[in-house]
**Student:** 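Supplied in structure tokens, the structure appears directly below.
Positions are given from 1 along the sequence. Keep in mind that the numbers below use all heavy atoms, side chains included, and drop hydrogens, waters and symmetry copies.
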Amino acid sequence: MGSESKEVLESAPLGSLTGTVVAVQANYYSVRLNSENAEQFVLLCTRRSLLKKIGQRVMVGDRVLVEEPDWTQMRGVVSQVLPRRSELDRPPIANADQILLVFAMAEPTIEPYQLSRFLVKAESTEIDVCLCLSKSDLATAEEKDHWWKRLSEWGYEPLFISVKQAIGLTKIQHRLNQKITIVSGPSGVGKSSLINQLIPMLDIRVGAVSGKLAKGRHTTRHVELFELPLGGLLADTPGFNQPDVDYAPEELANYFPEIQERLAIARCQFNDCSHRDEPGCVVRGDWERYEHYLDFLGEAIDYQTQLNQQADPDAVMKLKSKGKGEAKYEPRLDTKKYRQESRRTRQQSLQSLKNDIDRLMKTDQDEE
Ligand code: GDP
Ligand code: ZN
């Protein structure tokens, strides 16, 4: 059994049922079957106990093989998870193709710093980002022009839309077609309005379960994929709507297109330049979001310091003297490795693994 379970499937064997997990609740998976196999059926599935035992997680967005379909009860069993194109932990979602970041032209007005924070958070997933400016009916041509130019400097081409006046919706539909898209953005910008506009059936489908879509959405880590009429899936999730800094300081530069552009034509004197006060830095300079970069860098360093503290209270951080008698924090560059090597952390995760296995074995027995 061991060797078989480790086999990696690149695609589904001929004739087997495949589908996409559209919702996960406790140990149940709603799997929408691919249309080649069947009509657009959704089967409520459990997963093979073998998958549990080898610790194979089944996430929303996963493409899976389904066995033992029971067409009268609409039940089935997830037997394999196909390889993932992408994987996000928070919110937990597999195979997302892009993040649709929504900000409003007015009500609420764009806060550049907040927008920057959302953009950086989205970039940190390494999933494509599509920026959308909603409520364009409330903006003048000059305002739109201003933001278009300003955001191109940031490295983005915003898509202007208005649900109210049906502007830009075809373009958005085109962008979402056949893809798994995570919708993100602060509250009040019109995300629900847009989703309801794109999926008119949704109110009906969701209505039975949770009433208005907006409710409960901000109170849970629940992720669900909604099917677009023309094909493709939308993930509406609170997980992204309060972006926190949870990346390593040395990664931050990758999340600013402006920095990448500068580094593509010239190199900093030091390979590990933090683009703060090092000599021969080609990134430091007079560009709008440089201040944001410095702020987020500070936060990322604090975040890493915290992680290090949790891993080992004795080795909090390395203090680096700055010459002028001032001290500054220097990020540890090996946080991930460091965390893996901490015996305490390892024991904790072993214990939780053991608890998980105990729980799963018990569930298995209960199921039989
Ligand atoms: P969410 O919190 O991001 O999901 O935002 P909602 O979809 O709940 O919308 C917040 C408010 O913005 C509501 O009062 C909507 O009617 C309004 N709204 C949404 N889209 C538009 C639009 O295109 N134009 C205008 N003027 N208002 C809109
Ligand atoms: Zn530099």
Side-chain angles (χ1 to χ4, degrees), residues 18-26 28-35 38-45 58-64 66 74 78 84-88 90-102 122 125 127-132 134 159 161 163 166 168-241:
T18 61
T20 303
V21 178
V22 290
V24 176
Q25 215 140 34
Y28 287 96
Y29 308 91
S30 301
V31 179
R32 199 213 59 188
L33 297 179
N34 289 345
S35 42
E39 295 300 306
Q40 303 260 304
F41 285 135
V42 174
L43 296 187
L44 186 62
C45 299
V58 182
M59 298 165 88
V60 164
D62 264 328
R63 294 174 306 136
V64 295
V66 174
M74 296 306 276
V78 171
R84 292 173 183 144
R85 293 193 301 276
S86 67
E87 181 182 327
L88 274 187
R90 284 184 341 139
I93 174 165
N95 298 321
D97 296 294
Q98 58 186 355
I99 294 168
L100 181 72
L101 180 57
V102 186
T125 63
I127 294 171
D128 285 350
V129 181
C130 174
L131 177 59
C132 170
S134 63
L159 213 63
I161 64 153
V163 170
L169 298 179
T170 318
K171 248 188 196 161
I172 275 234
Q173 270 164 343
H174 192 71
R175 289 291 280 267
L176 303 181
N177 208 8
Q178 310 303 330
K179 295 201 164 131
I180 297 184
T181 304
I182 301 174
V183 181
S184 164
S187 74
V189 297
K191 296 184 299 297
S192 312
S193 310
L194 175 64
I195 295 171
N196 281 330
Q197 181 70 34
L198 293 169
I199 315 174
M201 296 298 284
L202 193 60
D203 260 333
I204 299 161
R205 267 177 51 197
V206 170
V209 187
S210 62
K212 177 120 172 65
L213 176 67
K215 273 188 208 153
R217 203 174 88 180
H218 302 286
T219 56
T220 165
R221 266 171 54 89
H222 180 73
V223 181
E224 189 164 352
L225 292 179
F226 302 119
E227 219 169 306
L228 290 157
L230 300 177
L233 296 160
L234 272 192
D236 177 41
T237 156
F240 259 23
N241 298 343

**Student:** Q98 vs V129, test: side-chain contact (heavy atoms from CB on, under 4.5 Å). Steps then yes/no.
**Tutor:** CA-CA 6 Å; Q98 58 186 355; V129 181; over 6 Å; no
**Student:** Would you say I182 and L234 make side-chain contact, with heavy atoms under 4.5 Å?
**Tutor:** no
**Student:** Are any of the side-chain heavy atoms of V24 and V223 separated by less than 4.5 Å?
**Tutor:**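 In short, these two side chains do not touch, never coming nearer than 4.5 Å.
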**Student:** If every non-hydrogen atom of A235 is compared with every non-hydrogen atom of I93, which pair is closest and at what distance?
**Tutor:** CB-CD1, 3.6 Å
**Student:** Once rounded to the nearest 0.5 Å, what's the spacing between atom NE2 of H174 and atom NZ of K179?
**Tutor:** 8.0 Å
**Student:** Heavy-atom distance under 4.5 Å between the side chains of L194 and L100, does that happen here?
**Tutor:** yes
**Student:** Applying side-chain contact (heavy atoms from CB on, under 4.5 Å), run through F226 and D236 and close with a yes or a no.
**Tutor:** CA-CA 8 Å; F226 302 119; D236 177 41; 3.8 Å; yes
**Student:** Between atom CD of E224 and atom CG of L233, what is the distance when rounded to the nearest 0.5 Å?
**Tutor:**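 The CG atom of L233 is 11.0 Å from CD of E224, to the nearest 0.5 Å.
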**Student:** Do M59 and R84 have side chains that get closer than 4.5 Å, going by heavy atoms?
**Tutor:** yes
**Student:** Ignoring hydrogens and geometry beyond distance, is a side-chain donor-acceptor pair present between S86 and N95 at under 3.5 Å?
**Tutor:** no
**Student:** Report yes or no: does Q173 contribute a side-chain atom to a donor-acceptor pair with the main-chain N or O of L228 at less than 3.5 Å?
**Tutor:**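 Judged by distance alone, no pair lies under 3.5 Å.
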**Student:** Would the distance check show the side chain of D62 and the main-chain N or O of A94 forming a donor-acceptor pair, the cut-off being under 3.5 Å?
**Tutor:** no
**Student:** Checking the side chain of K191 only, and the main-chain atoms of G185 only, is there a donor and an acceptor separated by less than 3.5 Å?
**Tutor:**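 A pair under 3.5 Å: yes.
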**Student:** Within the side chain of S134, is there an N or O that forms a donor-acceptor pair under 3.5 Å with the backbone of G190?
**Tutor:**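 Not at all, since once roles are kept as given, no pair shorter than 3.5 Å links the two residues.
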**Student:** For a 4.5 angstrom cut-off between non-hydrogen side-chain atoms, does F41 reach M74?
**Tutor:**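 Touching, per the 4.5 Å side-chain cut-off.
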**Student:** Working to the nearest 0.5 Å, report the span between OH of Y29 and CG of L43.
**Tutor:**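 Between atom OH of Y29 and atom CG of L43 there are 15.0 Å.
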**Student:** Taking atom CD of Q197 and atom OG of S192, what is their separation to the nearest 0.5 Å?
**Tutor:** 12.5 Å
**Student:** If I compare all heavy atoms of I172 with all of C132, which pair ends up nearest, and what's the gap?
**Tutor:**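 Closest pair (atom of I172, atom of C132, distance): CD1-SG, 3.7 Å.
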**Student:** Verify side-chain contact (heavy atoms from CB on, under 4.5 Å) between V66 and L33, making sure each step is shown before the conclusion.
**Tutor:** CA-CA 9 Å; V66 174; L33 297 179; 4.2 Å; yes
**Student:** When you compare the side chain of L159 with that of L131, does any pair of heavy atoms fall below 4.5 Å?
**Tutor:** no
**Student:** Determine whether a donor-acceptor pair (N or O, by modelled atom type, separation under 3.5 Å) exists between the side chain of Q178 and the backbone of L230.
**Tutor:** yes
**Student:** Report yes if the side chains of I99 and D128 come closer than 4.5 Å at any heavy-atom pair, otherwise no.
**Tutor:**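 In short, these two side chains do not touch, never coming nearer than 4.5 Å.
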**Student:** Is there a side-chain contact between V31 and V78, using heavy atoms and a 4.5 Å cut-off?
**Tutor:**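 Yes - at least one pair of side-chain heavy atoms lies under 4.5 Å apart.
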**Student:** Start with the C-alpha gap between T181 and D97, add the side-chain angles, then the distance that decides, and say whether side-chain contact (heavy atoms from CB on, under 4.5 Å) holds.
**Tutor:** CA-CA 6 Å; T181 304; D97 296 294; 5.8 Å; no
**Student:** Pick out which of L225, V60, I127 makes a side-chain contact (heavy atoms from CB on, under 4.5 Å) with I180.
**Tutor:**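 For I180, the side-chain contact (heavy atoms from CB on, under 4.5 Å) check succeeds only for L225.
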